[in-house]
Visitor: 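Please see the structure below; I have some questions.
Chain naming here is simple, since letters A, B, ... match the order of the sequence lines and numbering starts at 1 in each. Worth knowing before you read on, the calculation uses all heavy atoms, side chains too, and leaves out hydrogens, waters and symmetry mates. All values reported here derive from a predicted model rather than from experimental measurement.
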Number of protein chains: 2
Amino acid sequence: MTDPIDSTFARLRIRVHFGEALMLGPGKADLLELIGTTGSISAAGRAMSMSYKRAWSLVDEMNHAFQTPLVESARGGPKGGGAHLTDTGQAVLDHYRKLEDITAEAGAARIGAIRDLLKDVSDGK
Amino acid sequence: MTDPIDSTFARLRIRVHFGEALMLGPGKADLLELIGTTGSISAAGRAMSMSYKRAWSLVDEMNHAFQTPLVESARGGPKGGGAHLTDTGQAVLDHYRKLEDITAEAGAARIGAIRDLLKDVSDGK
DNA sequence: TTGCGTTATGTTTGGTCAGACATAACGTTC
DNA sequence: GAACGTTATGTCTGACCAAACATAACGCAA
């Protein structure tokens, strides 16, 4: 809403394809992060308005693609269960976030160059 | 080209969101490139097994988003018509390809770090 | 031992987006 | 002026993927 025109306007989204094994993008990264903060797959899913089923399937996909699971989960218990990031999970998330930062910085000039060729969007509003 | 082993395995795909105005990704870039080489929207579409309708709509979207059209087209004529990249179109394509190179290089280490955590897929070969 | 909120998994329904199909206009060449 | 291959545009259909719905297991707390 109250964003300045430039900074949030051009946004680079990245997705890494590891052959057929896995593709890692913003969705899985956000999910991992939310599982870390909420301690629950379902809570993470709700936070990004994603169905539990889909959230779980993404977690399952990631867990099977890596040597070590990224998310450990437990059923039952006082709060019914829960999930948390493993060290590997945290490492993958950190790497991905850094990757976002690095690529955004490296590409800023080229993105700006393309942006300058676009129609001016800030005039009407 | 003469990339080390992992480069073909882990592939970084980028997509730039310019607010609501436009998003520019591999599909549109490839389409631009093929229009440049084939001189035809329909031929470019066929080359990437994309329907003419879709190819045209992507071109139309890009043409409207930029100050200057990226693709100029003509109907009729000896070969029925055709299309070609404008200077702006070539510039945008060049910027995008460079962006791909720059981000891939900048992110190589982090991508490699994630890749190393994946299950070993290269054992078969 | 009942209740709770979660993980875990199958089945069905539905909305959306892309492709298929149809048609027209166009302008040079023969 | 007939033919051709392309641009340009509308409509319709279908396949796919995600959400919705349903159900079970689990383990601690009270």
Visitor: Counting only heavy atoms and a strict 4.0 angstrom limit, can you tell me which residues of residues 48-64 of chain B come near DNA chain D?
Guide: B:Tyr52, B:Lys53, B:Trp56
Visitor: Go through DNA chain C in 5' to 3' direction and return only the first and the last nucleotide with some atom under 4.0 Å of chain B's heavy atoms.
Guide: C:dA18 to C:dT29
Visitor: Mind running a 4.0 Å heavy-atom check of residues 31-45 of chain B against DNA chain C and sending the residues that fall below it, in number order?
Guide: none
Visitor: Counting only non-hydrogen atoms, which of residues 66-75 of chain A are less than 4.0 Å from DNA chain C?
Guide: A:Ser73, A:Ala74, A:Arg75
Visitor: Could you list all the salt bridge (charged side-chain N to carboxylate O under 4.0 Å, His left out) pairs where at least one residue sits in residues 73-84 of chain B, not counting sequence neighbours?
Guide: none
Visitor: Restricting to non-hydrogen atoms, name the atom on A:Phe18 and the atom on A:Leu24 that form the minimum distance, rounded to 0.1 Å.
Guide: CE1-CB, 4.4 Å
Visitor: For B:Leu118 and A:Gln67, work out which heavy atoms get closest and say how close.
Guide: O-NE2, 2.7 Å
Visitor: What's the spacing between A:Glu105 CD and B:Ile102 CD1 if we round to 0.5 Å?
Guide: 12.0 Å
Visitor: Between B:Pro26 and B:Arg15, what is the shortest heavy-atom contact and its length?
Guide: CD-NH2, 3.7 Å
Visitor: Restricting to non-hydrogen atoms, name the atom on B:Ala55 and the atom on B:Leu31 that form the minimum distance, rounded to 0.1 Å.
Guide: O-CD2, 3.6 Å
Visitor: Checking A:Leu32 against A:Leu70 for the side-chain contact (heavy atoms from CB on, under 4.5 Å) test, could you report, in this order, the C-alpha distance in whole Å, the side-chain angles of both residues, the deciding distance, and whether it holds?
Guide: CA-CA 8 Å; A:Leu32 282 181; A:Leu70 306 193; 4.0 Å; yes
Visitor: Are side-chain heavy atoms of B:Leu99 and B:Val16 found at a separation under 4.5 Å?
Guide: yes
Visitor: Within a radius of less than 6.0 Å around CG of A:Asp87, do more than 12 heavy atoms belonging to other residues, nucleotides or ligands occur?
Guide: no
Visitor: Any idea which heavy atoms bring A:Leu34 and A:Ala44 closest together, and the distance?
Guide: CB-CB, 3.6 Å
Visitor: Distance only, no hydrogens: is a donor on one side chain within 3.5 Å (strictly under) of an acceptor on the other, for B:Ser40 and B:Thr38?
Guide: no
Visitor: For residues 28-40 of chain A, pull every pair meeting salt bridge (charged side-chain N to carboxylate O under 4.0 Å, His left out), keeping only residues two or more places apart or in separate chains.
Guide: A:Lys28-A:Glu61, A:Asp30-A:Arg97, A:Glu33-A:Arg97
